[in-house]
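For reference, the structure is listed below as structure tokens.
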Amino acid sequence: MVEHQEILLDGMRHLVSDRAVDGETMLLNMGPQHPSTHGVLRLLLELDGEIVVNCVPDIGFLHTGIEKNMEAKNYTKAEVMSDRIDYMNPVGNNLVFCMALEKLIGLEVPPRAQAVRVILAELQRLASHLLWIGTSALDLAAMSVFLYAMREREMIMDIFELVSGARMMTTYIRPGGLWRDVPDEFVPAVRHFAEILPVRIDEYESLLTHNPLFLDRTRGIGVISTQQCIQWGITGPVLRATGLPFDLRKAQPYSGYDRYDFDIPTGPNGDINSRYTVRVGEMRQSARIIKQAVETLPGGPVRCDDRKFIPPPRSELGTSMEALIHHFKLWTEGFHAGPGATNAVIESPHGMEAVYLEGDGSTKPLRVHYRTPSFANLQIMPLLSKGHFVADLVGIIGSIDIVLGDCDR
Amino acid sequence: MDEQLQPAVAALAERFSARAEEFRGEVSITLSPETIVAACRTLRDEFGFDMLALETAVDYWPQTEPRFHVVYRLYSFSRNHFIGLRVPVSENPPRLPTVETVFPNANWHEREIWDMFGISFDDHSDLRRILMPHDWEGHPLRKDYPLGYEEVQFTFNSDEVSQHKPHPKE
């Protein structure tokens, strides 16, 4: 005869109902090693048969102490850490950090750098959404979309490699502008990509949008209202899927987003299907922004010329004493910033991404805090999943589009 | 200062004797720990700041009074504005009331602050560690918490380093 052991819940006892302790409902551990939790997310599930009674997210498995590490490095080196936070959005992480830093030390970014930043940020949004459309369809058992989406994502990775030499952790956006100017091949490559992408999105849509199986799995599942979203600080596509056209690119334009013409797609119902509609719409809008930005790409420098913060061009090092001194000081000690605290906020592919940056006048930040959309958005998992099947839980996690690196930092 | 923020700042100054500062165009209001919940409720109900966008803390160690600042940033959808709040918290013991009753999403943000800084929040519904393992000792984002590295053993300090290295139990 099998002896039943008491389940040790430790600090989690108050999070499950008495029925679980009596054995009437079942406690099931989903993750942290589960392919459809999109990373190392653990969910403690309380199940009544196949119905989710309660869902307690347990995060922190990917906590790497990035904020602590950034405090121990000078600003230039700290930025390199930021790529690793949301590994689906390295360009955005760099951008928001640089925006906060530029505000703190008062640097102007030249127009060409602004435009390239927009192009890269939109390409990154596409890369993130492409991975999302692939994996979340895969979660709902639609295998082939993943293969097509990765094919297009690879083209974006190639463009990143072209400009920065790295596919993912680019650190291409630097305080005051960009690392260096884009190569000649950049504009044709981006133009080609923006041309073919809408056609490819039609292909994904032909596989999913009217697919009866996909509709059955997504309609009316994981519904949330606008009011709840605002209350819980939910932003990004999840909020827009409830019908509120809130996008920081429009609400508080940065990097010259106000110069481009684009719409904010919204969804009608706030369920998984609406989030799908919103993200697909966003991909089309991103392609639109990229097309405009690449056609109107201004010339000129790509980095501001303040030698106290920006290293001098290599060519001057042999001829100018000042350039040599500046170069030496910037690469050994770094530049000083603060005292003072600034904030920057952008629309990342997952929602509102904000940086709180405080400097104390030294070369290292006193505090860098990333307000990451995945951390904020994951908090509504219990709200979304109660009363649904376990199988739908997988679809719900996919539809919030969490990145655990973003969540745990 | 942006004139749209003026009424909110004036109201907080009058009712909670708060001090407003502006740095690089961002308004930040310093409040005492006792008034933070009432101030958040006022901002939400009367001035339309309906979302808690960010909540974190800063450690000013070795300064002790106050050692920490807890930083809030609220967003108003109707006015499209951010406003910052700061609450100085002294060291022994670092505690302040939770704003969870006003903004439910403060739950996780405050758990993170507790986990990383050891600042406890009164009346918080579920104050557990969130990012670090549940049996972790110490609060990593405090300035007196070392970053951690492996000490290199040379012949002259081999025994000394070996002593304070963790040894697996036999």
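On a predicted model such as this, the values are computed, not experimentally measured, just so you know. Hydrogens, waters and symmetry mates are skipped; everything else that's a heavy atom, side chains included, is used. Throughout, a chain's letter reflects where its sequence line sits, starting with A, and its residues are numbered from 1.
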Chain B contact via [X] - side chain, backbone, both or neither, heavy atoms under 4.5 Å:
| X | result |
| --- | --- |
| A:D360 | neither |
| A:P339 | backbone |
| A:I380 | neither |
| A:L383 | neither |
| A:E358 | side chain |
| A:L104 | both |

Looking only at B:R44, B:H109, B:M132, the option with the highest number of non-hydrogen pairs under 4.5 Å against chain A is B:H109
If you tally heavy-atom pairs under 4.5 Å between each of B:D50, B:L52, B:D115 and chain A, the highest tally belongs to B:D50
Is the number of heavy atoms from other residues, nucleotides or ligands within 6.0 Å of [atom1] ([X]) greater than 12?
| X | atom1 | result |
| --- | --- | --- |
| B:E14 | CD | no |
| A:Q227 | CD | no |
| B:Q63 | CD | yes |
| B:D123 | CG | no |

Backbone N or O of [Y] within a donor-acceptor pair of the [X] side chain at under 3.5 Å?
| X | Y | answer |
| --- | --- | --- |
| A:K68 | B:M116 | no |
| A:Q231 | B:F103 | no |
| A:R367 | B:V58 | no |

Would a 4.5 Å heavy-atom cut-off, applied to side chains only, mark [X] and [Y] as touching?
| X | Y | value |
| --- | --- | --- |
| B:W108 | A:W232 | no |
| A:E71 | B:L141 | yes |
| A:L366 | B:K143 | yes |
| A:N343 | B:F82 | no |
| A:T235 | B:Y75 | no |
| A:T226 | B:F77 | no |

How far does [atom1] of [X] sit from [atom2] of [Y], to the nearest 0.5 angstrom?
| X | Y | atom1 | atom2 | answer |
| --- | --- | --- | --- | --- |
| B:R24 | A:I105 | CZ | CD1 | 9.0 Å |
| B:L131 | A:F61 | CG | CZ | 11.0 Å |
| B:N105 | A:I230 | CG | CD1 | 11.5 Å |

So for [X], is it side chain, backbone, both, or neither that comes closer than 4.5 Å to the heavy atoms of chain A?
| X | result |
| --- | --- |
| B:D59 | backbone |
| B:V102 | neither |
| B:R73 | side chain |
| B:P104 | both |
| B:R111 | neither |
| B:E112 | side chain |

Shortest non-hydrogen separation from [X] to [Y] and the atoms involved:
| X | Y | answer |
| --- | --- | --- |
| A:A354 | B:L54 | CB-CD1, 4.1 Å |
| B:E26 | A:T342 | OE1-CA, 3.5 Å |
| A:V56 | B:R128 | CG1-NH2, 4.4 Å |

_Looking only at side-chain N and O atoms, does A:R371 offer a donor or acceptor that is under 3.5 Å from a partner on B:T56?_
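There is no such pair between these side chains.
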Item checked: Validation row, ring centre B:Y72 to ring centre A:Y356 under 6.0 Å -> no
message: Under a 4.5 Å cutoff for heavy-atom pairs, which residue among A:A72, A:A251, A:A376 has the most contacts with chain B?
response: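 Looking at each option in turn, the highest pair count goes to A:A251.
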- Most heavy-atom pairs under 4.5 angstrom with chain B, which of A:E67, A:Q252, A:R409, A:M352?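 The answer is A:Q252.
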